[in-house]
2 protein chains.
Amino acid sequence: MDIQKAQPLLDYINKHVSLTKEEESTLLSHITFRKYLKGQYILQQGDICRYECYVISGCTKTFYLDDDGQEHIIMFSIEDWWAADMGSFIDQTPADFNIQCLENTELVMFSYDTIEDLYIKVPKLERFFRRIIEKAFIASQKRIVRNFSLTAKEQYLHFRQQYPEIEQRIPQYMIASYLGITKEFLSKIKSQLALE
Amino acid sequence: MDIQKAQPLLDYINKHVSLTKEEESTLLSHITFRKYLKGQYILQQGDICRYECYVISGCTKTFYLDDDGQEHIIMFSIEDWWAADMGSFIDQTPADFNIQCLENTELVMFSYDTIEDLYIKVPKLERFFRRIIEKAFIASQKRIVRNFSLTAKEQYLHFRQQYPEIEQRIPQYMIASYLGITKEFLSKIKSQLALE
DNA sequence: TGAAAAAGTTAAACTAGATTAACTTTTTTT
DNA sequence: AAAAAAAGTTAATCTAGTTTAACTTTTTCA
């Protein structure tokens with residue numbers, strides 16, 4: 001793979017572990033670069049998730065449709081973040097989630113078929129992925145804690161201060177979905193906040 | 001460490017990776033065994049979490065106290081499961097959570113100070129922990145999904161069928177706390193279910 | 001540039017679950 | 001075995017957030 005396109009990924013990895021030139025080139029031979037257009041799906045519910053995707057540019061939403069056909073957004077992924085249905089990827093079972101691009105999006109993709117081989121050839125990357133997933137787990141637990149102990153308004157304020165960039169790029173009704181509330185109620189919260 | 005006491009851990013690890021005798025003995029030299037009595041704390045909110053604990057026998061609850069002093073249970077850990085405040089352990093920062101024994105409990109403890117050394121000496125264990133944490137992350141995401149899309153009654157039914165052993169061992173008000181509902185409402189749910 | 005589609009707002013009626021408080025049952029301690 | 005503490009129940013009242021529906025604003029695209 002073209003090293004230039006992967007530079008943001010290499011920079012990101014080198015924040016956590018330091019790769020030699022050889023290790024970098026082994027890495028590059030194991031990944032692929034791909035562009036998607038706004039609206040396109042990277043993964044659809046029911047398919048097998050074959051890739052862990054690192055976002056170079058753009059933005060995706062990971063969501064599922066419940067029995068009533070209602071959309072629930074699990075996460076947004078912007079630059080320097082990951083997109084995948086981990087449950088599906090790890091066990092190669094049908095995905096619970098859809099991943100769709102909210103903007104034109106450039107990705108680096110790690111394939112299930114080659115990632116174990118990559119871990120063996122470059123053990124530092126196994127360390128890197130262990131640390132990434134630890135962070136993801138911690139973030140997920142913190143979200144559960146917020147769900148338990150914050151009101152909708154408090155959760156919105158937290159979201160806004162934690163991801164100010166995301167709020168600009170994404171329609172409000174999707175933020176409501178991410179927070180687990182209706183768009184009408186988020187609208188009410190915002191008008192309340194405007195008066196304070 | 002005494003190999004007999006660690007046997008359940010070795011069996012558990014060998015389900016995921018296969019260790020040689022040398023690797024097993026390196027592992028044993030890096031872990032400690034400890035017993036706690038019912039009611040004792042393994043970790044207190046504000047302290048640094050220095051150990052990832054594997055439960056040999058017994059049961060713990062991981063919880064935090066919110067600003068109103070209300071207890072919220074994040075997880076229960078029984079035989080063959082883990083107990084730790086990962087956020088605190090990874091960054092060695094003050095813990096958000098308390099971990100308390102609900103029964104007399106035997107643990108194998110992995111210390112922050114030696115675990116990185118262990119990963120280097122036995123890379124298979126880095127793989128093992130990567131897989132464990134992947135599973136924990138997936139479970140955490142699934143819990144978020146359930147929070148979004150299930151009613152309290154549905155969540156209770158799910159808990160009951162997923163952890164039938166836990167329900168027997170733990171007071172009902174703690175299960176309510178784990179589900180994020182009041183003990184009164186869980187009581188109502190159970191009386192409704194009894195009529196069906 | 002103008003029409004249609006998408007996104008956001010407002011407000012009334014409704015509901016799942018919380019709160020409060022009095023009470024019963026079970027478990028623990030002496 | 002009695003007393004006290006812990007756990008669980010029931011029911012009335014309350015509230016955060018949902019639902020429904022009509023409306024306005026913004027964005028998209030022919």
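Note on naming: letters A, B, ... go to the chains in the order of the sequence lines (proteins, then strands), and numbering restarts at 1 for each one.
- In terms of modelled atom types and a separation under 3.5 Å, the side chain of B:E167 and the main chain of B:Y163 share no donor-acceptor contact.
- The backbone N or O of B:P164 sits less than 3.5 Å from a side-chain atom of B:Q168, completing a donor-acceptor pair.
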Just do the side chain to side chain donor-acceptor pair (under 3.5 Å) check on A:Q141 and B:S140 with the steps written out, would you?
CA-CA 7 Å; A:Q141 281 214 146; B:S140 180; 5.6 Å; no
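- Note on B:K21 versus B:E24: salt bridge recorded, some NZ/NE/NH1/NH2 to OD/OE distance being below 4.0 Å.
- Shown here are the salt bridge (charged side-chain N to carboxylate O under 4.0 Å, His left out) partners of A:E126, two or more places apart in sequence or in another chain: B:R127, B:R130.
- The closest donor-acceptor contact from the side chain of A:S177 to the backbone of A:I73 lies under 3.5 Å.
- For B:D68 (side chain) and B:Q70 (main-chain N/O), no donor-acceptor pair under 3.5 Å exists by modelled atom type.
- Residues meeting the ring-ring contact (aromatic ring centres under 6.0 Å, His included) test with A:H72, sequence neighbours left out: A:Y64, B:F148.
- Between the side chain of A:Q100 and the backbone N or O of A:G39 there is at least one donor-acceptor pair closer than 3.5 Å.
- Here the closest non-hydrogen pair linking A:K153 and A:I189 is N-CD1, 3.8 Å.
- A nucleotide of DNA chain C counts as in contact with chain A when one of its atoms lies under 4.0 Å from a heavy atom; the first and last such, 5' to 3', are C:dA7 to C:dT10.
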So which protein nitrogen or oxygen atoms get under 3.5 Å of nucleotides 28-30 of chain D's nitrogens or oxygens?
none

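- Proximity of residues 166-174 of chain A to DNA chain C (heavy atom under 4.0 angstrom from any strand atom) is restricted to A:P171, A:Q172, A:Y173.
- Comparing the start and finish of the helix from C:dT1-D:dA30 to C:dT30-D:dA1, five pairs each, the helix axis swings through 50°, to the nearest 10 degrees.
- Evaluation of the ring-ring contact (aromatic ring centres under 6.0 Å, His included) rule for A:F76 yields A:Y178 as partners, not counting sequence neighbours.
- A:L43 belongs to a hydrophobic cluster whose remaining members, ordered by chain and number, are A:Y36, A:I42, A:Y51, A:V55, A:I99, A:L107, A:M109; membership requires side-chain heavy atoms of ILVMFWY residues under 4.5 Å apart, directly or through intermediates.
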Within the sub-3.5 Å range, which N or O atoms of nucleotides 15-18 of chain D have a protein N or O partner, and how far apart are they?
unit_1 : atom_1 : unit_2 : atom_2 : d
D:dG17 : OP1    : A:A152 : N      : 3.1
D:dT18 : OP2    : A:T182 : N      : 3.3
D:dT18 : OP2    : A:T182 : OG1    : 3.2

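- In this structure B:K121 satisfies the salt bridge (charged side-chain N to carboxylate O under 4.0 Å, His left out) test together with B:D117, sequence neighbours excluded.
- Ring-plane geometry between A:H16 and A:F128 is classed as perpendicular, the angle between the planes exceeding 60 degrees on a 0 to 90 degree scale with a lower cut at 30.
- Residues B:F89 and B:Y112 bring their aromatic ring centres within 6.0 Å.
- Scored by the ring-ring contact (aromatic ring centres under 6.0 Å, His included) test, A:Y41 finds no partners at all (sequence neighbours excluded).
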So B:E106 and B:K5, salt bridge (Lys or Arg N to Asp or Glu O under 4.0 Å) or not? Walk me through it.
CA-CA 9 Å; B:E106 298 177 306; B:K5 288 173 176 170; over 6 Å; no
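- Sorted by residue number, the list of members of residues 61-75 of chain A with any non-hydrogen atom under 4.0 Å from DNA chain C is empty.
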